[in-house]
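Just so we're on the same page: letters track the sequence lines, and every chain starts at 1.
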Amino acid sequence: MEGPSIVILKEEVQLFNGKEVQHVKGYGKFNHKRMLHKKVIYFKSWGKQFLVCFDGFTLWIHFGLFGSYKISATKTINAKLSLVFDNGELNCYVCSIKFIDEPLDEVYDWRLDMLSEKWNPKYVKQVLMEKKEDVQIGDLLLDAKIFSGVGNIIRNEVLYRTKVHPESLLGKIPSRKITEIIRQTHLYSLDFLKWRKRGELAKHWKVYKQTTCDKRHPVIKKDTGKTKRRSFICETCMVKYD
DNA sequence: ACGGTTGTTAGGCC
DNA sequence: AGGCCTAACAACCG
């Protein structure tokens, strides 16, 4: 699940805002009692991390590659975590769970969360430029500590939009291009959010899982960089800065 | 039916 | 110390 999907989850659980947890269930090995009979103060997110805030601590949930959730409904598989309220329940499947005891402002820099109102492209660039020059931009876009919320779909589509090859090296990409990439992670995330809500995300993919690009050039599939994640590349349209 | 995957962390090894 | 690698998670889609 990428950042925008977590924002949608946050919107969907608003009916539990301020509500007391009646039961805590699930096979996850964590302290269930910690949430029992406690009130949810609010829900937050930082990139792909979903945060359920209680008085004095936060429940951290990450859905990773296989995770999913249901609200007031269940799947056939067992829930790792189930928070039951008097008006419904949140069921989480195949996710990572932990507690955060520090204040969230000490743990998270909201300037890096592309779907936060505090998102700051200049600051993102500053953090990005502290990285080594020979690192591939494709790898950097998957660094959740820089591009919080970007996943493999957003990464591929942003690189196609900006016409930058994923194997381009940070130190070789023109500064303006870097700024454009950063700006597009934000803009594409907003599009992702809009399209996902309409259930038409895949319809708008230009390269991700495509065999040809907009201009009908072939799109090649390649596992790139240290992250070895699937990249979709139009060798004609995209420039490799190396 | 089975290979691929919208992702991250933990831990071992050098 | 820190980079690099792998396993784990264990569902779902085509």
- Item | Pi-cation contact, A/Tyr208 with A/Lys206 (under 6.0 Å, within 45°) | no

- A/Leu65 CG to B/dT9 C1', in whole Å, measures 13 Å

- Closest to side chain of A/Ile77, choosing from C/dA11, C/dC5, B/dT8: C/dA11

- Is any side-chain nitrogen or oxygen of A/Lys75 closer than 4.0 Å to OP1 or OP2 of C/dC12? yes

- Residue A/Lys48, side-chain heavy atoms: nucleotide from C/dA11, B/dT6, B/dT8 that is nearest: B/dT8

- Query: Between B/dG3 atom P and A/Lys228 atom NZ, what is the distance in whole Å?
  - Reply: 20 Å

- Query: Is the number of heavy atoms from other residues, nucleotides or ligands under 6.0 Å of A/His23 NE2 greater than 12?
  - Reply: no

- Message: Counting only side-chain heavy atoms from C-beta out, which of B/dT8, B/dG7, C/dA10 sits nearest to A/Lys80?
- Response: C/dA10

- Item | Length of the CZ-P vector between A/Phe66 and C/dA7, whole Å | 14 Å

- Note on the structure: Which of B/dT6, B/dT8, C/dC4 is nearest the side chain of A/His62? It is B/dT8

- Message: Measure NZ/A/Lys70 against C1'/C/dA11 and give the value in whole Å, please.
- Response: 13 Å

- Query: Do we see a donor-acceptor contact under 3.5 Å between the side chains of A/Gln210 and A/Trp205?
  - Reply: no

- Task: Sort out the partner of C/dA10 for me: Watson-Crick or G-U wobble, both distances under 3.5 Å, none otherwise.
- Result: none

- Query: Of A/Gln49 and A/Asp223, whose nearest nucleotide on DNA chain B comes first from the 5' end?
  - Reply: A/Asp223

- Identify the nucleotide, in any strand shown, that forms a Watson-Crick or G-U wobble pair with C/dC5, with both distances under 3.5 Å; if there is none, say none. B/dG11

- Could you tell me the separation between the CD1 atom of A/Ile61 and the P atom of C/dC9, rounded to a whole number of Å? 19 Å

- Contact class for A/Arg155 (heavy atom, under 4.0 Å): base, sugar-phosphate, or nothing? nothing

- Task: Evaluate side chain to side chain donor-acceptor pair (under 3.5 Å) for A/Lys215 paired with A/Thr236, printing each intermediate quantity in order.
- Result: CA-CA 9 Å; A/Lys215 295 182 178 169; A/Thr236 313; over 6 Å; no

- With P as the reference atom in both, quote the distance from C/dA7 to B/dG3 in angstrom, rounded to an integer. 16 Å

- Query: Where the side chain of A/Arg230 is concerned, which of B/dT5, C/dA11, B/dG7 is the nearest nucleotide?
  - Reply: B/dT5

- Item | For atom CG of A/Leu142 and atom P of B/dT6, their distance in whole Å | 9 Å

- Query: Can you find a side-chain donor-acceptor pair between A/Gln14 and A/Asn17 that sits under 3.5 Å?
  - Reply: yes

- Query: So which of A/Lys172, A/Lys226, A/Lys222 actually passes salt bridge (charged side-chain N to carboxylate O under 4.0 Å, His left out) with A/Glu167?
  - Reply: A/Lys222

- Task: Give the rounded distance in Å between these two atoms: CD1 of A/Ile97 and P of C/dA10.
- Result: 10 Å

- Task: Return no unless some side-chain N or O of A/Tyr27 is found under 4.0 Å from OP1 or OP2 of C/dA10.
- Result: yes

- Query: How do A/Ser5 and A/Lys145 order along DNA chain B: which one's closest nucleotide is nearer the 5' end?
  - Reply: A/Ser5

- Item | Whole angstrom value for the distance that separates C1' of B/dG7 from CG of A/Leu9 | 16 Å

